[in-house]
Amino acid sequence: MPDTFSKAKSYLPNTTEYHTIQGGNHSQFGSYGFQKGDKASNISAKEQLDETIQLLLNWEMTTVSKVKPTK
């Protein structure tokens, strides 16, 4: 992990979950085109988006749905 990422992690909750999308890159995640310093992706933007969606749906089903609403 780059040093800046390691530092930024200290601002997140201990319960934060991390997932690496193998072959993906930052530019495809944001759908804003290739960015300086980014590496080329080994998967299509659709494959990366599909995996992102599945991760978010799984997170919602296993984590968010269990949280009780506050009043």
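Throughout, residue positions are numbered sequentially from 1 according to the sequence presented.
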Going through the checks in order, is the side chain to side chain contact (heavy atoms under 4.5 Å, CB included) test met by Ile21 and Ile43? CA-CA 9 Å; Ile21 298 177; Ile43 61 174; 3.8 Å; yes
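- Legend: residues meeting salt bridge (charged side-chain N to carboxylate O under 4.0 Å, His left out) with Asp38, ordered by chain and number and at least two apart, are absent.
- Here the OG1-CG distance, from Thr52 to Leu49, works out to 6.0 Å after rounding to the nearest 0.5 Å.
- No continuous path of hydrophobic side-chain contacts links Met61 to Leu55 [ILVMFWY only; heavy atoms under 4.5 Å].
- Around the NE2 atom of His26, the shell of radius 6.0 Å holds no more than 12 heavy atoms that belong to other residues, nucleotides or ligands.
- Atom CG of residue Asn25 and atom CD of residue Gln48 lie 5.5 Å apart, to the nearest 0.5 angstrom.
- Here the closest non-hydrogen pair linking Phe34 and Ser27 is CA-OG, 3.4 Å.
- A side-chain donor-acceptor contact under 3.5 Å links Asn58 and Gln54.
- In this structure, Leu56 CG and His19 NE2 are separated by 9.0 Å, a value rounded to the nearest 0.5 Å.
- The number of heavy-atom neighbours closer than 6.0 Å to OH of Tyr18, taken from other residues, nucleotides and ligands shown, is above 12.
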